[in-house]
Amino acid sequence: MKIGITFDLYSEYLALGYDEVAAAEFDSEDTIENIEDSLRRLGHETERIGNVKHLMRLLLDGRRWDLVFNICEGLSGFGRESLVPALLDNHEIPYTFSDPLALSVALHKGVAKRVLRDSGVPTPDFVVIERDADLAAVNLPFPLFLKPVAEGSSKGIDAESRVNTREQLERKGQRLLQEFQQPVLVERYLPGREYTVGIIGTGLEAECIGGMEILLKEGAEPGIYSFQNKREYETVVEYRTIDGVVLESCGVLALQAWRALGGRDAGRVDLREDEVGRVEVMEVNPLAGLNAVRSDLSILCRLRGISYFEMIRRIMTSVEHRIGNPTLLQESARRRSA
Ligand SMILES: Nc1ncnc2c1ncn2[C@@H]1O[C@H](COP(=O)(O)OP(=O)(O)O)[C@@H](O)[C@H]1O
Ligand SMILES: [Mg+2]
């Protein structure tokens, strides 16, 4: 196949004046190279398209591809991850990973949690705060956890995200509203062990390919997989592969969450144990990072002996299978509601 690759390059945004936090979700050159290499080893021809602006220009010029391998995170707004898939849908060009609906629902953690709750997937009780005045009306038991409603890479998440008092809640809530200019999710704090699980596939054919526990070492910001801990992961985080009943229980929930939100091809689900050791879903990542060295999905694959190339090969198998079977998703939805 002739495969175009869409991506947001970190260095390109830094050069445009974006700071490290604003550009935190974007990809480095080696990620694109590794994807490209893997696709070529699979016998495909590749072309680097770049970000949505480059894609728009090429589409207007009449350019087409058999498939687009899309890892664009987008720049702003709740539709930022959906922009590229929506354009490609409109041009009837197939692409990897989720569609605009799944991507925008998963991006907005409040909406995503409503869907999860409605599907019977355990996730902490929550409210979404739109302005300072809403904080006084929060009626959930402490400790609570606060995060921007639609960010990733643990943006805005630090030692103050866990709050024990009204005063701390007001302070962190106001700060997040101000800094990120978007609603804030307030949810029950999950005090237990943290896991992340990898999924490959779509609908009923999705499978859990493994998972890992995230352990924080001495010197880490305690208790949370925060922005700072993610940045310093080499020294402060230990990733331990999970198996047996832990993997089984995380995997069942992760697949339920994945299917409920309509995830496709590959992604990750983040989970944590509550005060009685019951696993709950924190969030679903339908556009998981694909850096061969640093990204959680690649790390958890590596811990299970799945090479980066093998991971991309399995993603491509899912895409090819899905494109050849357009009824796969509808069938999955029908069986779920039956
Ligand atoms: N309800 C919660 N209770 C405890 N820790 C949480 C909770 N929600 C998030 N966290 C911590 O914050 C991290 C980032 O939150 P997450 O929802 O995964 O957002 P992101 O999209 O930034 O990865 C998690 O990995 C976890 O360590
Ligand atoms: Mg996460």
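Basis for what follows: all heavy atoms, side chains included, without hydrogens, waters or symmetry-related copies. Just so you know, ligand 1 is whichever comes first in the structure, and atom 1 is the first atom listed for that ligand.
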Need the ligand 1 atom indices (1-based, order shown) with element for anything under 4.0 Å from a heavy-atom of E151. 21 (O)
Using a heavy-atom cut-off of under 4.0 Å, does the side chain or the backbone of D270 touch ligand 1, or both, or neither? side chain
Is the shortest side-chain N to carboxylate O distance from R80 to E73 below 4.0 Å? no
Would you call R231-E20 a salt bridge at under 4.0 Å N-O? yes
For H108 and F78, take the angle between the two ring planes, folded into 0 to 90°, and tell me which bin it lands in: parallel under 30, tilted 30 to 60, perpendicular over 60. perpendicular
Using side chain to side chain contact (heavy atoms under 4.5 Å, CB included) as the criterion, point out the one residue from T6, D89, L87 that pairs with Y95. D89
Assess E280 for proximity to ligand 1: is some non-hydrogen atom of it under 4.0 Å away? no
Are any of the N or O atoms of L190 closer than 3.5 Å to those of ligand 1? yes
Are any of the side-chain heavy atoms of L297 and M311 separated by less than 4.5 Å? yes
Please give the remaining members of the hydrophobic cluster of L60, linking ILVMFWY side chains under 4.5 Å, ordered by chain and number. none
Heteroatoms of the protein, restricted to N/O/S, which lie under 2.8 Å from the Mg ion (ligand 2): D270 OD2, E283 OE2
Quick check on side chain to side chain contact (heavy atoms under 4.5 Å, CB included): which of I209, T241, I242 does R304 satisfy it with? T241
Ion pair present between R188 and D274, side-chain N to carboxylate O less than 4.0 angstrom? no
Pick one of side chain, backbone, both or neither for how P191 approaches ligand 1, counting any non-hydrogen atom pair under 4.0 Å. neither
If we set the cut-off at 4.0 Å for heavy atoms, which region of R162 has an atom near ligand 1: side chain, backbone, both, or neither? neither
Among non-hydrogen protein atoms, atom 1 (N) of ligand 1 lies closest to E187 OE2, 2.8 Å
Residue, atom and distance of the protein heavy atom nearest atom 15 (O) of ligand 1 read I157 CD1, 3.5 Å
Looking at E179 and R175, is there a salt bridge between them, counting it only when a charged N and a carboxylate O are closer than 4.0 Å? no
Starting from atom 12 (O) of ligand 1, locate the nearest protein heavy atom and write down its residue, its atom name and how far away it is, to 0.1 Å. F145 CZ, 3.5 Å
Using heavy-atom distances only, which candidate in S226, S154, A112 approaches atom 22 (O) of ligand 1 most closely? S154
Quick check on R268 - does any of its heavy atoms sit under 4.0 Å from an atom of ligand 1? no
Does R188 have a non-hydrogen atom less than 4.0 Å from ligand 1? yes
Kindly identify the option in K147, K109, K230, E25 whose heavy atom sits closest to atom 8 (N) of ligand 1. K147
Any side-chain donor paired with an acceptor under 3.5 Å for R268 and T196? yes
Are R322 and E320 within salt-bridge range, i.e. N to O under 4.0 Å? no
Check each heavy atom of Y225 against ligand 1 and say whether those closer than 4.0 Å belong to the side chain, the backbone, both or neither. both
Is R48 paired with E29 through a side-chain N to carboxylate O contact shorter than 4.0 Å? yes
Using modelled atom types and a 3.5 Å cut-off, is there a donor and acceptor pairing between side-chain atoms of T123 and backbone atoms of M282? no
Where is the nearest protein heavy atom to atom 25 (O) of ligand 1: which residue, which atom, and how far? E194 OE2, 2.5 Å
Nearest heavy atom to atom 20 (P) of ligand 1 wins, so pick from R272, E283, K155. E283
In ligand 1, the atoms that come under 4.0 Å of a heavy atom of S153 are 22 (O)
Side-chain donor-acceptor pair present, E25, S153, cut-off under 3.5 Å: yes
